[in-house]
K.L.:
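First the structure, then my questions, so here it is.
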2 protein chains.
Amino acid sequence: MAVTIRDVAKAAGVSASTVSRALSIPDMVDPETRRRVTRVAEHLGYRPNRAARGLSTGRTGNLGLILPDLANPFFPSVVKGIQLAAHQADYQVFVADSDEDASTELGLVRVLAKQVDGIILCSPRMKPAELREAATLAPVVLVNRKERSIPSVSVDNVGGMRQIIEHLSAQGHRSVGYVGGPRSSWSNRERVRGLRVAANQNGVELVELGHFAPTFDGGTDAAEGAVISGVSAVVAYNDLVALGLLNGLRDRGVDVPGEMSVVGIDNIPMSAMVQPSLTTLDIPKDLAGRTSVDLLLRLLTEESAHVARARELATELLARHTTAPAPTTSTRPTGRSRTPRL
Amino acid sequence: MAVTIRDVAKAAGVSASTVSRALSIPDMVDPETRRRVTRVAEHLGYRPNRAARGLSTGRTGNLGLILPDLANPFFPSVVKGIQLAAHQADYQVFVADSDEDASTELGLVRVLAKQVDGIILCSPRMKPAELREAATLAPVVLVNRKERSIPSVSVDNVGGMRQIIEHLSAQGHRSVGYVGGPRSSWSNRERVRGLRVAANQNGVELVELGHFAPTFDGGTDAAEGAVISGVSAVVAYNDLVALGLLNGLRDRGVDVPGEMSVVGIDNIPMSAMVQPSLTTLDIPKDLAGRTSVDLLLRLLTEESAHVARARELATELLARHTTAPAPTTSTRPTGRSRTPRL
DNA sequence: GAAGAGTTTGCAAACGGTTGCAGCAAATGT
DNA sequence: ACATTTGCTGCAACCGTTTGCAAACTCTTC
């Protein structure tokens with residue numbers, strides 16, 4: 001049916017090996033033959049069968065990507081970055097969504113392991129032991145997470161939290177709430193840690209408001225607690241939560257940013273569209289995707305020894321319109337004060 | 001490195017063929033042998049190499065999925081539906097994002113064709129001739145689009161548009177605007193067509209406001225024209241556009257739904273979160289994904305002759321809070337009138 | 001007890017590539 | 001003119017499966 005290497009060989013009057021070499025190790029064959037072969041191949045519309053090639057070389061030209069939830073607007077940018085970088089290197093990407101279920105993820109790793117050259121794993125919930133098991137099944141790069149001895153691309157959470165706290169502190173907030181994400185999430189733990197350190201250093205009181213689902217509804221649920229706690233600003237686990245929180249606050253008649261400042265994390269597209277637009281910590285999603293592919297391919301090709309195995313990306317606070325100076329008892333909050341930019 | 005069928009064979013004291021059969025055509029081997037083989041395979045952690053299997057059977061166990069933009073919140077649900085159905089049938093999915101570029105898409109089809117058993121193609125922009133070319137390269141199922149002779153899963157756009165117009169008409173709107181999507185989009189053309197028919201039948205004037213990018217910003221851009229046109233309600237090409245439009249209208253001080261009603265299409269998650277929540281035409285995204293896999297696999301296995309090749313899914317109007325009775329010259333719009341439900 | 005039928009198994013040839021090795025011709029060295 | 005290197009090519013084995021075919025064996029059946 002499809003045109004094979006032997007078809008090309010016959011048509012060009014050479015052996016299959018020569019065709020193979022003409023296409024993949026060009027300067028091992030005579031320029032004249034090479035030209036003829038490539039012309040014939042082109043003409044016949046020959047495309048090497050990657051599966052077959054994979055069989056003999058052990059390299060499939062495929063990458064696997066496992067992530068918890070494609071519907072979370074954080075991920076599409078990452079995926080796009082990954083796809084872009086992969087395609088440029090002539091790799092295809094298998095994407096698998098685990099529906100936020102860590103056990104499914106390990107299963108997916110098992111299934112994918114044999115079919116790909118490496119796996120990009122975005123699994124905030126897997127346990128360290130599981131991660132290490134996964135890493136034995138195939139070359140793995142972790143995204144948005146660090147784990148001893150496994151290559152990873154992560155984000156400077158601590159630095160990001162510092163930026164957030166400093167921004168709030170500079171505006172006079174002395175008591176800041178944190179609407180936490182899932183207890184089992186690695187990022188969540190990192191963020192709490194970063195917030196504590198930064199709060200401490202800036203003389204700010206950090207009030208942990210509990211754990212919530214990393215969704216819009218999770219944020220809505222958190223509004224009540226935020227109001228009661230008496231903080232003047234709240235940081236949310238991510239933008240989706242922050243958006244829900246904004247919604248919950250509005251329902252309760254709390255003016256943002258006049259009476260309460262809100263900060264998100266991720267900078268998902270929606271955060272700039274909403275009104276007032278959300279102050280948030282930008283995470284370079286697309287870059288993270290590209291970097292992870294870059295790292296993975298390096299590990300596959302290079303002697304893998306002397307390549308930096310953990311990369312940490314910088315974040316940047318985008319001061320938009322949900323943060324403002326803390327209301328004081330003496331002054332009524334204006335709600336129209338200009339939001340300072342960093 | 002990995003354990004092969006021969007390893008299992010040796011360990012079980014049988015030939016490779018027997019192992020192969022024990023696992024894939026169980027009742028062709030002696031129950032006793034079968035038991036032994038499966039036990040050994042299990043114990044050794046044997047997993048058949050799919051690429052190798054693909055080589056000899058011609059079936060890869062992979063499906064390709066090509067779509068224009070993962071970042072468009074419409075698609076993740078579709079992708080999830082596809083993945084779910086595919087995994088259940090023991091297929092893996094290659095996902096490729098074309099960045100809204102139709103020519104990239106044809107290239108992707110070419111690349112994927114040899115590596116997958118079939119392709120699910122979601123390409124609003126490809127020309128019919130290109131689609132037909134694509135369909136010659138691999139079994140193809142179209143999603144959200146119909147094209148003579150190519151199997152497809154689409155949505156009842158005309159019926160949906162009728163629901164929208166009837167809803168608006170019932171509330172006294174006599175002049176309805178349409179914020180169009182890209183000129184080259186098939187769905188857009190279908191929607192215009194459906195709107196015209198329905199408007200005609202309901203004695204409603206349809207004002208086409210032009211073509212806009214299928215994004216939030218596209219919607220924002222459309223606001224000015226909508227206001228000027230003097231319509232009392234506007235239908236947007238999709239929810240993203242509707243959301244942008246809402247934003248643009250607010251900037252201009254136009255009260256929704258008091259002075260202007262707005263209807264979206266797609267029912268993306270965000271549409272329920274925004275305030276006021278968006279009245280929109282729900283498209284069964286997840287179902288569309290599952291159906292497309294179902295159809296594709298049927299075409300691959302069944303004698304493919306007598307399987308319905310085009311499936312059309314029903315839509316449902318979700319009346320939320322951006323639609324209300326048309327303002328009249330005699331009565332001032334209240335803006336707080338209760339939005340009727342269908 | 002031999003022939004025929006039915007099971008169960010193994011051999012070997014694919015599937016479509018890659019690659020070590022050997023062969024051959026031309027170029028180079030002396 | 002001969003030996004040696006160099007450059008290019010083909011042969012054949014291999015990657016891990018599946019599968020047509022035939023061999024071997026076990027039952028029936030007459």
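In what follows, chains are A, B, ... by sequence order, proteins preceding strands, each numbered from 1.
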K.L.:
What's the separation between atom OG1 in A:Thr33 and atom CZ in A:Arg21, rounded to the nearest 0.5 Å?
P.N.:
11.5 Å

K.L.:
Expected output check: what is the dot-bracket annotation of DNA chain D, where ( ) and [ ] are pairs inside the strand (brackets for crossing ones), | is paired with another strand, and pairs are Watson-Crick or G-U under 3.5 Å?
P.N.:
||||||||||||||||||||||||||||||

K.L.:
Look at A:Thr4 and C:dG16 and indicate whether a side-chain polar atom (N or O) is within less than 4.0 Å of OP1 or OP2.
P.N.:
no

K.L.:
Could you check whether A:Ser15 and A:Thr18, counting side-chain N and O atoms only, form a donor-acceptor pair closer than 3.5 Å?
P.N.:
yes

K.L.:
Taking atom CD as the centre, does B:Glu42 end up with more than 12 heavy-atom neighbours from other residues, nucleotides or ligands that are less than 6.0 angstrom away?
P.N.:
no

K.L.:
Let me know the distance between CD1 of B:Ile5 and P of D:dC14, rounded to the nearest Å.
P.N.:
18 Å

K.L.:
Per the ring-ring contact (aromatic ring centres under 6.0 Å, His included) rule, what does the pair list look like for residues 77-118 of chain A, sequence neighbours excluded?
P.N.:
A:Phe94-B:Phe94

K.L.:
What integer distance in Å separates A:Lys10:NZ from D:dG10:C1'?
P.N.:
16 Å

K.L.:
What heavy-atom pair brings B:Tyr46 and B:Val3 nearest, and what distance separates the two atoms?
P.N.:
CD1-O, 3.3 Å

K.L.:
Taking only heavy atoms on the protein side, list every residue of residues 17-50 of chain B lying under 4.0 Å from any atom of DNA chain C, sorted numerically.
P.N.:
B:Ser17, B:Thr18, B:Arg21, B:Met28, B:Val29, B:Asp30, B:Thr33

K.L.:
Looking only at non-hydrogen atoms, find the nearest pair between B:Ala11 and B:Val40 and report the distance.
P.N.:
CB-CG1, 3.6 Å

K.L.:
Whole angstrom is fine here: how far is it from CG in A:Asp117 over to P in D:dC15?
P.N.:
18 Å

K.L.:
I want to confirm an ordering. Mapping B:Thr57 and A:Ser56 to their closest nucleotides on DNA chain C, which one lands closer to the 5' end?
P.N.:
B:Thr57

K.L.:
Once rounded to the nearest 0.5 Å, what's the spacing between atom CD of A:Glu105 and atom CG of A:Asp97?
P.N.:
9.0 Å

K.L.:
In whole angstrom, what separates A:Leu55's CG from D:dC15's C1'?
P.N.:
5 Å

K.L.:
For the CG atom of B:Asp7 and the OG1 atom of B:Thr4, what is their distance to the nearest 0.5 Å?
P.N.:
3.5 Å

K.L.:
Please confirm whether any donor atom in the side chain of B:Arg6 sits under 3.5 Å from an acceptor in the base of D:dG16, or the reverse.
P.N.:
yes

